[in-house]
Amino acid sequence: TESPDMIPPRVTVNLDEAPEERWLPSLQRFDQDTLRAILRNVIQHRIPEWFNVFMKEFVDHLQGSLLEPFVREIRGICNALNLSFVDGMLINMIYESSML
Amino acid sequence: CTSILVQDANGHIYHGRNLDFVSGTGLRNITVDVQFIKNGQIAYTGTTFIGYVGLWTGQSPYKFTVTGNQRQKDQWQKNATETLFKTHYPPGWFIRKTLEEAKDYKDAVRRLSNQPLITNVYCIVGGINAWEGVVISRNRTDPVDFWLLNPKGEWFLVQINCDHWVKCPRTTEFRKIPASKAFNEAGPENINLYKLYEILSLCPILSDITVYTTVMSAANPDEYMTRVRTPS
């Protein structure tokens, strides 16, 4: 009982570029308004409220942490999509936050 | 989620997964296969959705494949979580780091076993040689179990979201039983990526919360295939 399966777009992330720049070509493959709406919807429906509060307090302490290379990629994505950095971090904790 | 490792009669390893996620409708529209390029070469490949920089599904060509499944929840207070984030990786982020840095299957298994993580997780790793396949059941700091492909009968491993050594709740066990039955009916001589995809498409292994299905084999990296699933 399935409709035809969809082949997802194949995108490229060049690790030789600065982390903030790597995902920009991939983002341009999508309608920015739709993408932003989907990501905000995910945050609204999937992230526990306490984790949202925690992340707002925690983001100031990320510099120099284990997460730093990934955090720079997230900053680049947030800047391109006009999303707050907290929202970007929450999107990137979507699976993990549901297990905490 | 369902992750499967299987070996055919010639010792080839195949790895597949269904990524299941409640409220995943929007995510289907932004699911992508990503080729991570370094020095002009494909360093590794993965499947994710745009905006999420970690990977729960990926392949390091001619080295290993890896998927992650959620393991039981933890109850942690906020102050404990803050401490965790300073020393422990989110699993999806560490899986990507492993794809980027691990030299081979054994190195990947070692890294995925030992790195402190912020949540419990199952790491499912497939290699390029016969019997290179393992499900690592992890708590935050340590591995608690290694479930291996082995010549004494376990030529396929079906990992869902509960420990393989305990009886799962009915709703999750329902995915494991038909998968095992399908493999036993097919036999190792009839296994290939298409058969694996077919088994991952059986109800209820495939469900209305399945966002995508990926099948892959590190020894044949060009055959990496993902399909976004759209239940009617």
Side-chain angles (χ1 to χ4, degrees), chain A residues 1-17 19 22-23 26-27 29-30 34-42 44-46 50-51 53-55 57-58 61-62 65-67 69-71 73-74 76-78 81 83 87-88 91-100, chain B residues 21-23 25-40 43 47 49-54 56 68 70-76 78 81-82 84-93 96-97 100 117-121 201 203 206 212-213 225-232:
Chain A
T1 59
E2 278 233 312
S3 57
D5 299 324
M6 192 173 78
I7 301 173
R10 178 166 288 186
V11 300
T12 299
V13 170
N14 188 347
L15 299 171
D16 296 321
E17 291 184 0
R22 289 173 184 171
W23 289 90
S26 309
L27 296 176
R29 301 272 299 270
F30 292 83
T34 306
L35 184 52
R36 206 166 20 244
I38 290 170
L39 296 177
R40 286 195 169 134
N41 188 54
V42 167
Q44 193 177 346
H45 288 98
R46 294 296 305 171
W50 75 267
F51 193 74
V53 172
F54 159 72
M55 193 53 75
E57 293 176 10
F58 182 64
H61 305 286
L62 282 171
S65 75
L66 281 176
L67 311 179
F70 298 106
V71 165
E73 292 186 12
I74 295 166
I77 291 169
C78 290
L81 292 178
L83 286 171
D87 279 354
I91 289 158
N92 276 277
M93 294 289 159
I94 181 173
Y95 298 104
E96 288 82 355
S97 66
S98 67
M99 288 189 281
L100 283 166
Chain B
F21 201 75
V22 177
S23 308
T25 308
L27 299 182
R28 291 186 175 95
N29 298 324
I30 58 172
T31 298
V32 288
D33 279 342
V34 189
Q35 290 183 326
F36 292 86
I37 308 290
K38 205 169 194 175
N39 300 323
T47 303
F49 62 87
I50 287 287
Y52 185 89
V53 302
W56 286 76
Q70 290 186 346
R71 193 164 174 250
Q72 69 210 38
K73 291 184 181 185
D74 277 325
Q75 299 297 325
W76 278 87
K78 184 189 137 195
T81 308
E82 188 165 339
L84 276 179
F85 271 80
K86 289 177 181 164
T87 51
H88 296 48
Y89 269 93
W93 301 26
R96 180 174 154 196
K97 188 174 165 67
E100 193 161 329
L117 302 171
I118 64 168
T119 65
N120 299 335
V121 70
S201 302
C203 179
L206 180 74
Y212 68 79
T213 300
M225 184 184 85
T226 300
R227 292 291 181 269
V228 177
R229 313 311 295 261
T230 315
S232 54

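Worth saying up front: this structure is predicted, and the values here are computed from it rather than measured. Every chain is numbered from 1, with letters handed out A, B, ... down the list of sequences.
- The line from OH of B/Y52 to CD1 of A/I74 is 9.0 Å long, rounded to the nearest 0.5 Å.
- Side-chain contact between B/Q35 and A/V11: absent, with no pair of heavy atoms (C-beta onward) separated by less than 4.5 Å.
- Residue B/I30 holds its CD1 atom at 7.0 Å from CZ of A/F30, rounded to the nearest 0.5 Å.
- Other residues, nucleotides and ligands contribute more than 12 heavy atoms inside 6.0 Å of the CG atom of A/L15.
- Minimum interatomic distance between B/P90 and A/L67 (heavy atoms only, all atoms of both residues): CD-CD2, 3.4 Å.
- Judged by distance alone, with hydrogens and angles left aside, the side-chain atoms of B/W93 form a donor-acceptor pair with the main-chain N or O of A/N92 at under 3.5 Å.
- The greatest number of non-hydrogen atom pairs below 4.5 Å with chain B, out of A/L39, A/L81, A/V42, A/N41, is found for A/L39.
- Contacts of A/R40 classified as salt bridge (charged side-chain N to carboxylate O under 4.0 Å, His left out), with partners at least two apart in sequence or in another chain: none.
- Only the side chain of B/F49 comes within contact range of chain A, judged by heavy atoms closer than 4.5 Å.
- Rounded to the nearest 0.5 Å, atoms CD1 (B/I50) and CD1 (A/I91) are 11.5 Å apart.
- The most heavy-atom pairs under 4.5 Å with chain A, out of B/I37, B/L117, B/V34, come from B/I37.
- The CG atom of B/D33 sits 11.0 Å away from the OG1 atom of A/T12 when rounded to the nearest 0.5 Å.
- Residue A/R29 does not touch chain B at all, counting heavy-atom pairs closer than 4.5 Å.
- Atom CG in B/N29 sits 5.0 Å away from atom CD1 in A/I38 (nearest 0.5 Å).
- Note that the CH2 atom of B/W56 and the CD atom of A/E96 stand 5.0 Å from one another [nearest 0.5 Å].
- The shortest distance between side-chain heavy atoms of B/V22 and A/H45 does not fall below 4.5 Å.
- Between chain A and the options B/V53, B/V32, B/V121, heavy-atom pairs under 4.5 Å are most frequent for B/V53.
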What's the verdict on side-chain contact (heavy atoms from CB on, under 4.5 Å) for B/T226 and A/R10, showing C-alpha distance, side-chain angles and the deciding distance? CA-CA 10 Å; B/T226 300; A/R10 178 166 288 186; over 6 Å; no
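- Between chain A and the residues B/Q70, B/K38, B/K97, the most heavy-atom pairs under 4.5 angstrom are made by B/Q70.
- The contact between A/I94 and chain B is made by backbone and side chain atoms together, counting heavy-atom distances below 4.5 Å.
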